[in-house]
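A quick write-up on the structure given underneath.
Counting begins at 1 with the first residue of the sequence. Atoms within each ligand, like the ligands themselves, are counted from 1 in listed order. Please read these numbers as outputs of a predicted model, since none were measured by experiment.
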Amino acid sequence: MYTIFTDPLHRIAYATDASAYREVPQGVAFPENEQDIIYLVETARERKTHLIPRAGGTSIAGQVVGNGIVVDISKHFKEILEINKEERWARVQPGVVLDELNLALEPYGLFFSPETSTSNRCCIGGMFGNNSCGSHSLVYGSTRHHVLEAHGVLCDGSVEVFKTYTIKALEERFGTRFWETDDDSLIQNIYAQLIRWALDEKTVRLIEENFPDKSLRRRSCGYAIDEVIEDLHNTAKPLEERTINLCKVLAGSEGTLAFITEIKVDLDPLPPKEKMVVCAHCDTLQKSFLGNLVALKFHPAAVELMDRNILELSKENVEQQKNRFFVQGDPAAILIIELRGETREEIDALADQMEKALMENEEHLVYACSRVYESEISKVWSLRKAGLGLLTGMKGDAKPIGVIEDTAVAPEKLPAYMADFAQMLENLGLSCVYHAHISTGELHLRPIINIKEAEGLRKFREVAYQTALLVKKYKGSLSGEHGDGRLRGEFIQLMYGDEVYALMQDLKKCWDPLQVFNLHKIVDTLPMDSMLRFEVGQKYAIEKELGGGKTYYNWKAAFDECKVEGATGAKNQLHALMCSIEQCNGAGDCRKSNLIGGTLCPAFKVSGDETKATRARANVLREILTRGWESEAFAQALDKDKSILKSKELAEVLDSCLACKGCRSECPSNVDMTRLRSEILQQKYDVSGMPLRSFAVSRMATVEQFGHLVWPLYNLFASWQFSSNIIKRIINFSTERDIPTLSRVTMRTAVNRECRRHKDQATKGKVLLFADEFTNFQEAELGLTFTKLLLRLGYEVEIPKHVESGRAAISKGNLKLAKKFAIKNVNLLKDKVSEQTPLVGIEPSCILSFRDEYPDLVPAEQRNEAKTLAKNALLFDEFIMREMAAGRITTDNFKPDAVEIWLHGHCHQKALVGTEKTVAALKLLQGAQVHVIPSGCCGMAGSFGYEKEHYQTSLAIGEMVLFPTIRKTLAHADDVTPCIVSAPGTSCRQQILDGTGVHAVHPIEILYRWVK
Ligand SMILES: Cc1cc2nc3c(=O)[nH]c(=O)nc-3n(C[C@H](O)[C@H](O)[C@H](O)COP(=O)(O)OP(=O)(O)OC[C@H]3O[C@@H](n4cnc5c(N)ncnc54)[C@H](O)[C@@H]3O)c2cc1C
Ligand code: SF4
Ligand code: SF4
């Protein structure tokens, strides 16, 4: 049974999608079955409100933003109901995610071919609603071309199956020539209206004359009346044999006509194995438009465009930096051209001819081509798909805004259309970002506009209007794939003319006379510049609470240093903080499930709950810190004098965040929730005090330091169940977890002793070892092992004077304390650490604090010193790799052996450095097979998994991928080859032990075991 949630958290989380719009809904529901949807339809009618069907919520035109009840089907309508290999179709519920469907289809050699860029989180229902398509639409078309059948609920609560019917079949159901008389039956009227139009020559002509070019592969503008009646006015057939399938008009109807509960789609065979991507570099944009026409002659599977701005933004994104390998020089644009064939020779020959045609011509359309094969191809596509997200990561108030981002004209008209378009932009004084599906004449054009200013808002409307006129001139479609929503609806009348627009209004009235479904979308929309996320001249409610805008991190520095053209920077620290939150554009990469992989976002992955995704955190932070108690989401009776930092909703979204940094690298817009969370937590503590547990955890190293003076007593107290339970209860830890005990001697003491014994034996240089607070007190033996390894490899080791890293303080939001540690460490280490004598760390999260947090935690005058120190603060594996590259460490230093290693990387390591270097270091053992476990965060995340209320969630996160993989691996291990589970993170090792009973080891221990 469903509930309609009307609490502020749900209403704020569902007040936006991936568009520029924001409107707080009345409530949010999560129906579990078709009957729930029927009840919801009845409820909406009774309450005189409307339902907004919502799947992944990645729409760009505000399709799922409105003041009705948002009905999220992504949680419970997730089943793949049937796959028919022979007939090549699948029956699915609308909440099935596209990539997840295609994973299930892979063993059958089939796939659902419209592949939107948001494939890892958009759902089939949402694709149907928007008539989505993707990079290969040249070959596969759009969703409309693939939906065979759908089940749905109409506004009167009746359930219908929409599929191909002949007129004869419809007459059998509704009576002979039923379209000539009006009836009480809703469904009969729906069919009757369309048949009447199809049989009326005048109406058919009107439609033919006013709809966009028929040759356009992409059209998602208005209701597709032309497509649904196509066969009905096919005079070559007898009337009774003509057919109609309402799916044609439901595709792209944006949830305004019916609520879909099941979809049957046709499938394509997987593409041929041999593929190649040619990345053709152009020195002007105009050349890329012409280059596209040349490339199309070679029948590519796709041609996509990326302009210089996107390439520039990709330099700032941790994840996408790795995918720029194919870029040569400084191109104005790159065409990504995919060629397919049966053999490598065949496509190489085709590429030779195509490259010749592109490069050896009078205009020199292309100055360089990079060919990319096999697994590298996915990196190119990943960069291309991240494009839109990267754009909204632009720092400052001016953003490449979604307003005319979806126009499509016939490709041969593109150069002329683009020339007119460039002139229009120049007249308006705007610059623009260009990217995406050039092969089908569709370009994502994003003018850079600051809609927080009146002049920007004026341009927002003006550019939309003038572009509509241009698209009409070229008989294009104002929307190629993103749909109209509340953004483009206003211009449909202009695009199609008054009469066709009236037909569309009539169509909506006929389907939804009771006004139940997603009102004010496509037709009768509100003004396109109303209900925006940002209001002109909007003040930040948080300003008065931050004591003059004081923040703990230096948020502004990244804005000052941003080199991207058009980035407007930030006025002050508070502005920079708010802009960092506003970088979330709602694109929803943080909604990937564990089947898709990556770390982002464990809290969502384990719950499937939107309010636990990074996007909801960013939405709640933005809404509360901007509008405060004035937000419509809050009831009127609130105590408005109470600090907004005390809001329950703020606490809730911060509480479910594991601070794993998954978003830091995987969110294309660089939303760094780990950092935002600690900043806001500290601000919260400033007004309401720090909870005991946060204080205790952030001071853990100090406690352990004193505990060490009486370590046997400490350990007894920590491990004796009675006493340890008392401690756990006081600080609200789960009694299921063990409190870490202390090593007999600290790492510092043990290492100093060892180094004294090996004095003067070093030949290869000196390493400064960072005795992080975890290894120093709890795992001194590991620190000693690393020292022995380094000594054996010929290095001198020293632990310099330093204080703890402050990792725990950062995690718990005790930034006042973390700042002190950062300042001290920079002062103590800045003159000692250098490229020749790096600072090397064992525990990833601690050493990476030097790189990620310190430069922004220390005062501005210390920033440069902190940055220099950061460059030379290395993880153990980075150091080993550096020495391997210099030839100072080789496989000869290690005994070859057959060993199987299963590696789980620490999430901070994955976010900032990746696991590739750990793998390479482990491969120093010749014969070692290293497998990276495709796990995200282990679930422990520092103290998160210890905390009573998070214990079960923590284990459930481990159970998604990590624990089952380890269990399966060890169950299949043979007695001959040692099989080792390895994890560099101390809390990951504890979590693996608690979750599986397996003792994972640090990679250093493996290397030491096999060093000669
Ligand atoms: C970064 C980015 C890149 C994008 N790239 C592409 C692209 O390459 N190609 C493309 O086509 N689009 C693209 N989009 C737009 C969007 O991702 C797609 O349209 C996507 O298919 C929407 O799916 P969703 O599950 O998020 O649907 P939602 O946004 O939740 O819903 C989409 C529409 O479907 C309706 N709907 C959902 N479920 C139902 C239901 N059960 N019954 C009736 N109506 C329903 C909704 O009311 C809404 O109108 C992109 C968006 C972003 C943010
Ligand atoms: S947090 Fe990042 S990934 Fe998630 S919706 Fe916002 S921008 Fe997209
Ligand atoms: S830090 Fe981790 S848990 Fe928190 S929002 Fe980012 S990905 Fe999600």
Side-chain angles (χ1 to χ4, degrees), residues 17-19 37 51-61 63-64 71-74 77 93-95 97-98 114-119 121-135 137 142-143 150 152-153 218 220 250 253-261 263 385-389 391-393 402 406 436-437 444 480-483 485 517-518 521 583-591 599-605 612-619 653-654 656-664 666-674 676-677 907 911 936-937 941 944:
D17 49 15
S19 69
I37 290 176
L51 303 180
I52 305 164
R54 169 164 161 147
T58 65
S59 286
I60 297 184
Q63 284 93 323
V64 294
V71 184
D72 183 346
I73 46 97
S74 69
F77 282 78
Q93 290 189 318
V97 169
L98 172 58
E115 32 133 28
T116 63
S117 301
T118 45
S119 58
R121 68 273 190 196
C122 75
C123 308
I124 306 299
M127 293 180 71
F128 188 37
N130 284 351
N131 185 32
S132 300
C133 52
S135 306
S137 62
S142 62
T143 304
V153 180
R218 291 163 170 270
S220 276
L250 280 165
S253 66
E254 302 180 0
T256 59
L257 303 182
F259 206 118
I260 303 302
T261 52
I263 307 173
K385 285 188 177 189
L388 201 49
L391 286 178
T392 43
D406 200 31
H437 321 295
H444 293 334
E481 59 181 19
H482 295 164
F517 296 122
N518 210 3
K521 312 287 155 59
Q583 258 166 231
C584 172
N585 61 336
D589 285 76
C590 46
R591 283 183 53 98
T599 302
L600 177 68
C601 165
F604 173 78
K605 283 183 175 177
K612 295 198 165 55
T614 318
R615 170 163 80 174
R617 279 181 203 100
N619 277 331
V653 289
L654 296 180
S656 63
C657 170
L658 286 89
C660 67
K661 296 197 184 181
C663 42
R664 167 84 172 77
E666 292 173 39
C667 161
S669 306
N670 302 330
V671 174
D672 185 351
M673 195 48 72
T674 309
L676 289 166
R677 176 180 170 278
C907 38
C937 173
F944 181 90

Quick check: does C660 have an N/O/S atom under 2.8 Å of atom 4 (Fe) of ligand 3?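 Looking at C660, which is the residue asked about, there is no N, O or S atom under 2.8 Å from atom 4 (Fe) of ligand 3.
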May I ask you to identify the nearest protein heavy atom to [atom], giving residue, atom name and distance to one decimal place in Å?
atom                    : answer
atom 4 (Fe) of ligand 3 : C657 SG, 2.4 Å
atom 5 (S) of ligand 3  : R617 NH1, 3.0 Å
atom 3 (S) of ligand 3  : L658 N, 3.2 Å

Applying a heavy-atom cut-off of 4.0 Å, say which part of [X] lies close to ligand 3: side chain, backbone, both or neither.
X    : result
C601 : both
R677 : neither
A613 : neither

So, does [X] sit close enough to ligand 1 that a heavy atom of it is under 4.0 Å from the ligand?
X    : result
P114 : no
I52  : no
I60  : yes
E115 : no

Go through ligand 3 atom by atom and flag the ones less than 4.0 Å from a non-hydrogen atom of [X].
X    : value
T674 : 1 (S)
C663 : 1 (S), 5 (S), 6 (Fe), 7 (S)
M673 : 5 (S), 6 (Fe)

Using every non-hydrogen atom in the two residues, find where [X] and [Y] come nearest and quote the distance to one decimal.
X    : Y    : value
V64  : P53  : CG1-O, 3.4 Å
T599 : C907 : CG2-CB, 4.2 Å
L250 : A258 : CD2-CB, 4.1 Å

Counting only nitrogen or oxygen atoms and a 3.5 angstrom limit, does [X] reach ligand 1?
X    : answer
A55  : yes
T118 : yes
I260 : yes
Q63  : no
A587 : no
N131 : no
T116 : no
T58  : yes
C122 : no

Which atoms from ligand 2 have a heavy atom of [X] less than 4.0 Å away?
X    : value
N585 : 7 (S), 8 (Fe)
G586 : 5 (S), 6 (Fe)
C584 : 1 (S), 5 (S), 6 (Fe), 7 (S)
T614 : 1 (S)

Of the options H482, E254, E481, which is the one that meets N130 in a side chain to side chain contact (heavy atoms under 4.5 Å, CB included)?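 That would be E254; it is the only one of H482, E254, E481 passing the side chain to side chain contact (heavy atoms under 4.5 Å, CB included) with N130.
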T58, T118, L98, I263 screened by side chain to side chain contact (heavy atoms under 4.5 Å, CB included) with M127, the one that passes: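 Between M127 and the candidates, side chain to side chain contact (heavy atoms under 4.5 Å, CB included) is satisfied uniquely by L98.
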Salt bridge between D589 and R121, side-chain N to carboxylate O under 4.0 Å?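 Looking at D589 and R121, the cut-off is met.
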Compute the minimum heavy-atom distance from A659 to ligand 3 and say whether it is under 4.0 Å.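 Contact check A659 vs ligand 3: positive.
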Distance filter under 4.0 Å to [X] heavy atoms, resulting ligand 1 atoms:
X    : answer
F259 : 41 (N), 42 (N)
E254 : 47 (O), 49 (O)
G56  : 24 (P), 25 (O), 26 (O), 27 (O), 30 (O)

Who gets closest to atom 8 (Fe) of ligand 2 by heavy atom: C590, S669, G588, G57?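 Answer by nearest heavy atom: G588.
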Check P53 against ligand 1 and report side chain, backbone, both or neither, counting heavy atoms closer than 4.0 Å.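 It is both backbone and side chain that touch ligand 1.
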Spatial distance of atom CZ (F944) from atom OG (S656) [nearest 0.5 Å]: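 Result: 7.0 Å between the selected atoms.
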